[in-house]
Enquirer: 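Have a look at this one.
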Amino acid sequence: MKTYDFNSIDRKWQKYWAENKTFKAENHSDKPKYYVLDMFPYPSGAGLHVGHPLGYIASDIYARYKRHKGFNVLHPMGYDSFGLPAEQYAILTGQHPAVTTEQNIKRYREQMDKIGFSFDWDREIRTSDPKYYKWTQWIFLQLYKHWYNQETGKAEPLEKLIEIFETEGNKNVKAAQAQDTPEFTAEEWKNFSPEEKDRILHKYRLTYLDETEVNWCPALGTVLANDEVVNGVSERGGHPVVKKKMVQWMMRITAYAERLLNDLDNLDWPEPLKEMQRNWIGKSVGAAVKFKIDGSDKDFTVFTTRPDTLYGVTFMVMAPELDLVDEITTPGQREAVKKYQEQAAKKTERERMADAKVKTGVFTGAYAIHPLTGEKIPIWISDYVLSGYGTGAIMAVPAGDQRDYEFAKQFDIPIKNIFKNTDISEKANEDKEAVLTNSDFLNDLPAKEAIGKMIEELEKRGIGKAEVNYRLRDAVFSRQRYWGEPFPIYYKNGVAYPIDEKHLPVKLPEVEKYLPTEDGRPPLGNAKEWAWDEKNEKIVSTGLIDNETVFPMELNTMPGWAGSSWYFNRYMDPHNDEEPFGKEAVEYWKKVDLYLGGSEHATGHLLYSRFWQKFLYDIDRVPEPEYSVKLINQGMILGTSAFVYRIKGTNKFVSLGLKDQYETDPIHVDVNMVDEYDYLDLDKFKKWRPDFAEAEFILEDGKYKVGREVEKMSKSKYNVMNPDDIVERYGADTLRMYEMFLGPIEDAKPWNIAGIKGVHNFLRKFWSMFHQDGVFNVSLEEPTEQELKILHKTIKKVEEDINKFSFNTAISQFMIAINELGKLKTNKQKILSPLVVLLSPFAPHLAEDLWEELGHDKSIAFEPYPSYDERYLKESSKTYPIMLNGKMRHKLDLSTSMSKEEIEERVLSDEKVKSLLEGKTLKKVIVVPGKIVNLVVS
RNA sequence: GCCUCGGUGGCGGAAUUGGUAGACGCGCUGGAUUCAAAAUCCAGUUCCGGCAACGGAGUGUGGGUUCGAUUCCCACCCGAGGUACCA
């Protein structure tokens, strides 16, 4: 007898879709377009685990749903295939990263194919493919050739800037630029040497070289961007990170800070994610105030959000790294200052954070002059002031800032109380409602009013002005790595020059070793063919470098986020060799309509890609300033780790229930060696690792019970579950539906297959409705009113749920329908046929198969989505709860056509209601039609 | 510390312009089928009391608004994520 044979159904239809290119998206269509995108994966050696497909399944359901709704759907997939693990594997084994990457991609593809995604694989892209990174390099060059004009609020070609320089110098130019840009006239500009001009232009470019303090990770041998450093250690591997000054390529993302911040308001993104980006950008509004240095004509500027507290300043603090510190330090203090600076420089990020509780610092011996009172104010240095934020110097107001307060207490600096009726003997008063005193013209004002007044006064006297500051910093774009995009850059006399666009892609050269060179240069320093012949415009052997005609090329590569910052646009036109993507294609697809991915990319990929999109928008390459207006975060699927407990210093393992009697170390064991009742397979365990071969056990009831804990899924925790086994055992449709049934997409949830039976049963029941004794048997009879009601209710609810991305409740609706129809033993074609279409996004393999059995010769994928008929949703009567003071006491079936008055009359005449009201006074009757009747009694 | 989100049965989770709390699934209990088991089907399943009808309690805790609160307001407790000397 034939049964629901999911394995052969899966294979049959996966083959069919591939052969017929069912999901190929065209760039022309009469249908409206819809673009559904998943964050593409990094193809790691471990393969897909059950967490990866969660988002892919959700987006696939929605993509398939949209096809049924008559949309031309773009649903692509690709690989973020440059990255660290492949390179580290190469260092260990000598295997070229391209080879392992290729293998991993093959495995990923096989696994994805088994789940039945409706991707258009003809559009697959890989960031490590020269045909792709050609355009990543191209975008880099465009950034290199543009500057950010704050007057027009967008990026403009450098030629335009040069024009301005030639006519009026840079005096009136408002640009995002380096802080140390000198001021010059048109005349001076014309007299600059070409090198000087280059150097100056460099200060304006959107990508530029700069010696900056970077996060240097010695263990990884590379620099890291701020978002790659978590709690003072590297995100990958958890290695210590130190500050180091290095010349690096930078991305001037700060130019876009305001737009990146403002445009968040128009995005339909999860609120926490938007909040993370807002905090990361960290806008603060305040004032810049100029302080003169006592006994010198030098001055310096501080940034403050509380200019109203200027009268409370009792000392100044500078970051120890600030150049100005050396200039102002008095001979007497020189040694102490130097010692402190050295200490501060040596600290790792982590140490600095750990030491944050106690304020440290040194007096420079110098004094500043208070701009309003003329008082002498001592200047200190301390690492609680950061060189990278604001001007790296602050005015300290111990009465109004807790950090300044602690510093003052630590070093016995006077604290001047500038707040009325406030006790500051214990801590500073940071309340903005506090009213000022001892503050001259600001007396009796709260901060809100005083800030504006102070700024007005500062501007009038020319000693300060309103200013906005951002926490966001320019992004480091260089990595000392091999497996990334090379820069199309060479160096002549220490100045960087671009390699012309027509020579792209600049292909990654072969190297013998993937480690840095012996003299500490990045891995590309090992390349034999890595020099630029300027005359012949081609890459030649490094041995030919003469710095006359042949020059060294850039040895750094681009970071992981380069390729992922624009891939969504490439999918629109993935095989274009003339442009990154054609105008016509982007005009058609415009932007991503639905983007699915994890929130861990909030301040990395999701911020950088918005930045590049805005740049591409400015240079008129894309029609939208935001590439993804709707974004959903899928939650992580966590693993359920298993532990055995080894008695300290022995090779003896004690079962969970008895472990408290011993001193033990918990050890992760592979979850595949543990059964569903948490009992360990001892034979497998002994064979697992050689040092366990002789293991002894202390059992309870003859068995070994493991401990369980929910953790992130990872190879090292031995808690990874692969989707392949589930697909083999239950079929792809069961995996798809089960992952969705687990709970809301956004929630993190531990993986357990306890409930998978329920979903699998549903699919088998559904199959059974079309078959009798295993033989296809569907009736052409007209459905009854009752059957139609079930159908139309289901259509309505499922569609509502899909539109809310509430796939777990949509699946519940299917189960309810099947239970109800099962009771009626329905096998009518007119009921089952629309239900198959409805189910198709969730269980596409089964749906295709039943669709074929129903006599169709085309894929179900483009079948119109059934619509519901209101008439079948109306109830003729409803069971009303009858409540007494809000508590349910009785039920009555009443016609839905009755008016409020009729309902009230009918309820009050009911015998049971009469008996309930006995001995009580009825004060009020509340009737909510279709919902409840509430009797208010006393 | 600050920001954001959340707290509902044995478990995953439903339900909010305030209106029958616990849909659906898992698990569990009983029954049918079977020599038996698995599978399947039927019934029950928030907790307490009761054979039952029924009664009482109940959405983290305490208060408030309301005829009526999981939903709104106030205070607090707990958990998750983010962030941390950003002046």
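Every chain is numbered from 1, with letters handed out A, B, ... down the list of sequences. Just so we're clear, the structure is a prediction, and the values are computed from it rather than from any experiment. Side chains included, hydrogens not; waters and symmetry mates left out as well; all remaining heavy atoms used.
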Enquirer: If I take atom CZ in residue A:Phe741 and atom C1' in nucleotide B:rC24, what distance separates them, rounded to the nearest angstrom?
Expert: 5 Å
Enquirer: Between B:rA23 atom C1' and A:Lys797 atom NZ, what is the distance in whole Å?
Expert: 9 Å
Enquirer: Less than 4.0 Å between a side-chain N and a carboxylate O, is that true for A:Arg278 and A:Glu275?
Expert: yes
Enquirer: Between B:rA87, B:rG27, B:rU4, spot the one nearest the side chain of A:Pro272, thanks.
Expert: B:rU4
Enquirer: Do NZ/NE/NH1/NH2 and the carboxylate oxygens of A:Asp910 and A:Lys914 come within less than 4.0 Å?
Expert: no
Enquirer: Using a 4.0 Å heavy-atom cut-off across all strands, classify A:Asn752 as base, sugar-phosphate, or nothing.
Expert: nothing
Enquirer: Classify A:Glu271 by what it touches in the nucleic acid, base, sugar-phosphate, or nothing, heavy-atom distance under 4.0 Å.
Expert: nothing
Enquirer: Decide, yes or no, whether a salt bridge links A:Lys465 with A:Glu467 under the criterion of side-chain N to carboxylate O below 4.0 Å.
Expert: yes
Enquirer: Where the side chain of A:Asn934 is concerned, which of B:rA87, B:rG19, B:rG25 is the nearest nucleotide?
Expert: B:rG19
Enquirer: Taking atom P in both B:rG44 and B:rA23, compute the distance separating them and give it to the nearest angstrom.
Expert: 12 Å
Enquirer: May I ask you to say what A:Ser806 touches in the nucleic acid, namely base, sugar-phosphate or nothing, with a heavy-atom cut-off under 4.0 Å?
Expert: nothing
Enquirer: Roughly how far apart, to the nearest Å, are B:rU61 and B:rA69 at atom P?
Expert: 15 Å
Enquirer: With respect to the phosphate group of B:rC5, does any side-chain polar atom (N or O) of A:Asn633 fall under 4.0 Å of OP1 or OP2?
Expert: no
Enquirer: For RNA chain B, whose closest nucleotide is more 5', that of A:Gly743 or that of A:Ile932?
Expert: A:Gly743
Enquirer: Taking atom P of B:rG13 as reference, at what distance in whole Å does atom CD of A:Gln813 sit?
Expert: 18 Å
Enquirer: Of all the nucleotides listed (B:rA23, B:rC3, B:rG19), which has the minimum atom distance to the side chain of A:Glu275?
Expert: B:rC3
Enquirer: Figure out the CG/P separation between A:Asn819 and B:rU40, and round it to whole Å.
Expert: 14 Å
Enquirer: On RNA chain B, compare the nucleotides closest to A:Gly886 and A:Gly388; which residue's is nearer the 5' end?
Expert: A:Gly886
Enquirer: Counting the atoms with a prime plus P, OP1 and OP2 as sugar-phosphate, which does A:Ile816 contact under 4.0 Å by heavy atoms, base, sugar-phosphate, or nothing?
Expert: sugar-phosphate
Enquirer: For A:Asn808, which contact category applies under a 4.0 Å heavy-atom criterion: base, sugar-phosphate, or nothing?
Expert: sugar-phosphate
Enquirer: Between B:rC85 and A:Ser382, is there an OP1 or OP2 to side-chain N/O distance shorter than 4.0 Å?
Expert: no
Enquirer: Say you pick atom P in B:rC51 and the same atom in B:rU33; how far apart are they, in whole Å?
Expert: 30 Å
Enquirer: Would you please confirm or rule out a distance under 4.0 Å between OP1 or OP2 of B:rG68 and any side-chain N or O of A:Lys931?
Expert: no
Enquirer: Tell me whether A:Lys796 is salt-bridged to A:Glu800, with the criterion being a basic N under 4.0 Å from an acidic carboxylate O.
Expert: yes
Enquirer: Over all heavy atoms of both residues, which pair between A:Leu838 and A:Phe814 is shortest? Give the atoms and the distance, please.
Expert: O-CZ, 3.4 Å
Enquirer: Any base atoms under 4.0 Å from A:Lys924, or only sugar-phosphate, or nothing? Heavy atoms, all strands.
Expert: nothing
Enquirer: Where the side chain of A:Arg889 is defined as all heavy atoms beyond and including C-beta, which of B:rG56, B:rU40, B:rC67 is the nearest nucleotide?
Expert: B:rG56
Enquirer: Could you tell me the separation between the CD1 atom of A:Ile818 and the P atom of B:rC24, rounded to a whole number of Å?
Expert: 14 Å
Enquirer: Side chain of A:Lys359, base of B:rC85: donor and acceptor closer than 3.5 Å?
Expert: yes
Enquirer: Quick one: A:Ile811 CD1 to B:rA23 C1', roughly how many Å, whole number?
Expert: 15 Å
Enquirer: Look at the side chain of A:Pro744 and decide which nucleotide, out of B:rU40, B:rC85, B:rG13, has an atom nearest to it.
Expert: B:rG13
Enquirer: Classify A:Val385 by what it touches in the nucleic acid, base, sugar-phosphate, or nothing, heavy-atom distance under 4.0 Å.
Expert: base
Enquirer: Rounded to whole angstrom units, what separation is found between the CD1 atom of A:Ile381 and the P atom of B:rC85?
Expert: 18 Å
Enquirer: Between A:Asp747 and A:Lys749 (salt bridge meaning N to carboxylate O under 4.0 Å), is one present in this structure?
Expert: no
Enquirer: Assign A:Leu386 to base, sugar-phosphate, or nothing according to its heavy-atom contacts below 4.0 angstrom with the strands shown.
Expert: base
Enquirer: Name the nucleic acid region contacted by A:Met888, choosing base, sugar-phosphate or nothing; use a 4.0 angstrom heavy-atom cut-off, strictly under.
Expert: base
Enquirer: For A:Lys765, report the nucleic acid contact type (base, sugar-phosphate, nothing); a contact means any heavy atom under 4.0 Å.
Expert: sugar-phosphate
Enquirer: Does B:rA87 have its OP1 or OP2 closer than 4.0 Å to a side-chain nitrogen or oxygen of A:Tyr389?
Expert: yes
Enquirer: Counting side-chain heavy atoms from CB outward, which of B:rG82, B:rG13, B:rA84 is closest to A:Arg471?
Expert: B:rA84
Enquirer: Would you call the rings of A:Phe770 and A:Phe766 parallel, tilted or perpendicular, taking 30° and 60° as the class edges?
Expert: tilted
